[in-house]
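Data first, discussion second: the structure below is written as structure tokens.
Values in this document were obtained by computation on a predicted structure and should not be read as measured data. Naming: A, B, ... by sequence-line order, numbering from 1 per chain.
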There are 2 protein chains.
Amino acid sequence: RIEFENICKTYSLGKVLIPALKNINLNITEGEFVAISGPSGSGKTTLLNLIGLIDKPTSGTIRFEENVITYNGQSKLHRLRQAKIGFIFQSFNLIPVLNAFENVEYPLLLTKMSAQQRKKRVEEMLDEVGILSMRTHKPRELSGGQRQRVAIARALVHQPKIVLADEPSANLDLQTAQDILQLMAKLNQEENVSFIFSTHDPQIVKIAKRVVSIRDGKLVN
Amino acid sequence: RIEFENICKTYSLGKVLIPALKNINLNITEGEFVAISGPSGSGKTTLLNLIGLIDKPTSGTIRFEENVITYNGQSKLHRLRQAKIGFIFQSFNLIPVLNAFENVEYPLLLTKMSAQQRKKRVEEMLDEVGILSMRTHKPRELSGGQRQRVAIARALVHQPKIVLADEPSANLDLQTAQDILQLMAKLNQEENVSFIFSTHDPQIVKIAKRVVSIRDGKLVN
Ligand SMILES: Nc1ncnc2c1ncn2[C@@H]1O[C@H](COP(=O)(O)OP(=O)(O)OP(=O)(O)O)[C@@H](O)[C@H]1O
Ligand SMILES: Nc1ncnc2c1ncn2[C@@H]1O[C@H](COP(=O)(O)OP(=O)(O)OP(=O)(O)O)[C@@H](O)[C@H]1O
Ligand SMILES: [Mg+2]
Ligand SMILES: [Mg+2]
């Protein structure tokens with residue numbers, strides 16, 4: 001369960017202040033399948049970064065499963081993220097010197113799995129998103145949609161409770177996007193994984209159980 | 001006019017050969033508005049890179065306005081690209097240390113325009129794509145869709161005859177995507193600028209005058 005109370009996020013560029021999020025009040029419960037929809041520049045990525053504990057708000061309170069997040073215990077926050085959250089970034093953020101297999105394996109290196117167990121899990125995820133044959137390619141040796149799928153596999157590989165997906169289908173053709181969405185809907189229904197998407201894709205908005213609309217940093221009805 | 005005769009492109013990864021394009025025969029005439037459509041990994045980016053003279057084929061012949069492209073005169077090729085072609089890359093390829101204004105100004109630095117003329121043109125383009133107020137932001141201080149629009153403005157700023165656009169609407173909301181498409185359709189109709197898009201977006205495929213379908217590196221009907 002995630003609670004946002006009066007959350008504001010303001011960026012500063014030199015002397016200029018940019019209020020990207022204004023007074024956000026939002027609750028997300030376990031097992032939700034939420035689409036965050038809004039125009040370019042409206043604050044979707046900023047909101048996802050706060051939910052994913054990647055960034056901190058300028059003011060307001062965030063509660064994660066009843067506990068207030070304080071942002072001073074960096075390692076505690078880090079461990080919470082690694083254990084519970086999977087994040088698919090809008091620009092993928094793959095590690096250029098690692099190939100697809102190694103990029104997806106990365107979150108598992110901090111678990112107690114053996115190399116053999118990791119290999120089985122990584123290959124299973126790569127296969128789920130249709131790029132197993134590409135596992136030795138580095139990101140620059142992959143197509144845009146293949147990189148996107150490496151990012152998706154990496155976000156799901158350690159079986160997180162919450163998956164935050166920033167434009168997960170932007171570079172995917174219709175068929176591949178539908179396959180990925182079905183995989184996510186299955187994880188949501190069978191394993192109660194919460195999914196929070198930022199998206200412009202009407203397909204995702206349509207299959208979401210709930211739609212949160214944002215415009216100019218504010219939630220709208 | 002661009003002619004592709006028996007074009008093949010094979011990547012090599014260590015000892016493995018990856019035939020990304022197989023025997024492509026394609027003619028594109030002046031003033032066309034072509035959508036290249038196909039699944040993820042089918043060869044769209046590879047094809048666009050060859051049309052834009054950014055990469056060279058493994059075999060086959062490319063003719064640009066009747067002249068065979070030979071790929072040994074690097075500076076001649078470079079000048080042809082700069083004069084005639086605008087390219088919107090799938091991952092934007094913005095220069096991180098330059099702000100939005102400077103990124104869009106970059107192609108004009110090699111022209112005979114004065115600083116004042118460049119400023120007028122750059123601000124006109126930034127305004128056309130709706131991000132004039134963001135001109136001092138660096139790429140990391142912009143949203144995904146705002147970065148995409150910087151890439152679009154940069155591709156159009158020097159008034160190229162041919163614009164190659166790799167997924168130009170992937171990170172744009174519906175309204176912004178439509179505005180950009182209208183701008184491109186206007187340049188096509190009023191200035192006879194050729195547009196070749198690679199896209200998964202059904203909106204773009206719908207307004208294209210011609211659709212080229214690709215699957216597994218081959219053109220299909
Ligand atoms: N540098 C490279 N080395 C090896 N293989 C490559 C390289 N670049 C691309 N490929 C492979 O060539 C094929 C075609 O890639 P391309 O990027 O043209 O596809 P695409 O149609 O643009 O896909 P998408 O819709 O996902 O962007 C893919 O299977 C890809 O993995
Ligand atoms: N580091 C930063 N510094 C300054 N301004 C920023 C920074 N990051 C984002 N912004 C601004 O904050 C606003 C919200 O950005 P955000 O990335 O959340 O939008 P978005 O809804 O994800 O957009 P898109 O749909 O284009 O991805 C935008 O106007 C953007 O320019
Ligand atoms: Mg975004
Ligand atoms: Mg591509």
Gap separating the CG atom of B:Asp173 from the CG atom of A:Asp201, nearest 0.5 angstrom: 12.5 Å
A:Lys84, NZ atom: more than 12 neighbouring heavy atoms under 6.0 Å: no
Over 12 non-hydrogen atoms of neighbours within 6.0 angstrom of CG in B:Asp216: no
Close side-chain approach of A:Gln148 and B:Ser40, heavy atoms under 4.5 Å: no
Residue part contacting chain A, namely of B:Gln175, when any heavy atom lies under 4.5 Å: neither
Interchain contact, B:Ser143 with chain A, by part (heavy-atom threshold 4.5 Å): side chain
For chain A, the option from B:Gln90, B:Gln146, B:Met134, B:Lys138 that forms the most heavy-atom pairs under 4.5 Å: B:Gln90
Neighbour count >12 (heavy atoms, 6.0 Å) for atom OH, A:Tyr106: no
Check against side-chain hydrogen bond (donor to acceptor under 3.5 Å, both in side chains), A:Glu167 and B:Asn171: CA-CA 7 Å; A:Glu167 303 290 348; B:Asn171 284 285; over 6 Å; no
B:Lys209, NZ atom: more than 12 neighbouring heavy atoms under 6.0 Å: yes
Residue part contacting chain B, namely of A:Leu142, when any heavy atom lies under 4.5 Å: neither
Largest heavy-atom contact set with chain B, pairs under 4.5 Å, which of A:Thr136, A:Thr45, A:Leu172: A:Leu172
Interchain contact, B:Ser91 with chain A, by part (heavy-atom threshold 4.5 Å): side chain
A:Asn93 atom CG: more than 12 heavy-atom contacts under 6.0 Å: yes
Separation of A:Ile18 CD1 from B:Glu141 CD (nearest 0.5 Å): 7.5 Å
Non-hydrogen side-chain atoms of A:Thr176 and B:His200 separated by less than 4.5 Å: no
B:Arg215 atom CZ, over 12 foreign heavy atoms within 6.0 Å: no
Among B:Arg149, B:Arg147, B:Lys44, residue most engaged with chain A (heavy-atom pairs, under 4.5 Å): B:Arg149
